[in-house]
Amino acid sequence: MIKINGEFFDYSQIPLLQFLEENGYNRVTIAVERNEEIVPKSTYDTCILQDGDIVEIVSFVGGG
């Protein structure tokens, strides 16, 4: 199980980029933290989510 934004998902051995695409995230407007470390956008396709990972995905919101 992988915990993403407080919810558990029955994924393991899935590339982060695949998870983001399957769940409708726009990788241009988000930041991802995995196990308390920021994941560089350039590694989303090679970052493999593992059982027990804790992931936080935040979206940027404009405002003034």
Side-chain angles (χ1 to χ4, degrees):
M1 298 292 282
I2 299 169
K3 186 175 183 180
I4 300 176
N5 290 352
E7 294 184 47
F8 288 95
F9 292 83
D10 192 17
Y11 286 107
S12 65
Q13 300 294 316
I14 182 174
L16 174 59
L17 181 59
Q18 181 181 341
F19 175 85
L20 296 173
E21 289 174 345
E22 287 179 3
N23 289 280
Y25 287 98
N26 180 347
R27 69 182 190 169
V28 174
T29 61
I30 62 169
V32 178
E33 180 183 274
R34 176 181 175 214
N35 302 326
E36 300 184 359
E37 293 187 16
I38 298 296
V39 179
K41 290 182 187 295
S42 62
T43 65
Y44 284 3
D45 59 337
T46 59
C47 176
I48 306 299
L49 298 179
Q50 305 288 330
D51 189 40
D53 280 348
I54 299 174
V55 178
E56 294 292 327
I57 302 170
V58 294
S59 298
F60 300 109
V61 178

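From a predicted model like this one, the values you see are computed outputs, not experimental measurements. The figures here come from the full heavy-atom set of this structure, side chains too, leaving out hydrogens, waters and symmetry mates.
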Atom CD of Glu22: over 12 foreign heavy atoms under 6.0 Å: yes

Over 12 non-hydrogen atoms of neighbours within 6.0 angstrom of CD in Gln13: yes

To check you understand the geometry: which heavy-atom pair defines the closest contact between Tyr44 and Ile30, and what is its length? OH-O, 4.0 Å

Which heavy atom of Cys47 sits nearest a heavy atom of Arg34, and at what distance? SG-NH1, 3.3 Å

Separation of [Y] [atom2] from [X] [atom1] (nearest 0.5 Å):
{"X": "Met1", "Y": "Glu7", "atom1": "CE", "atom2": "CD", "result": "10.5 Å"}
{"X": "Leu17", "Y": "Lys41", "atom1": "CG", "atom2": "NZ", "result": "11.0 Å"}
{"X": "Phe19", "Y": "Ile14", "atom1": "CZ", "atom2": "CD1", "result": "7.5 Å"}
{"X": "Leu16", "Y": "Ile57", "atom1": "CG", "atom2": "CD1", "result": "6.5 Å"}

Just by distance, do the side chain of Arg27 and the backbone of Glu21 share a donor-acceptor pair under 3.5 Å?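 A pair under 3.5 Å: no.
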
Side chain to side chain contact (heavy atoms under 4.5 Å, CB included) partners for [X], two or more places apart:
{"X": "Asn35", "result": "Asp53, Ile54"}
{"X": "Thr43", "result": "Val39, Pro40, Thr46"}
{"X": "Val58", "result": "Ala31"}

If you define the side chain from C-beta out and look only at heavy atoms, does anything of Lys3 sit under 4.5 Å from Val55? no

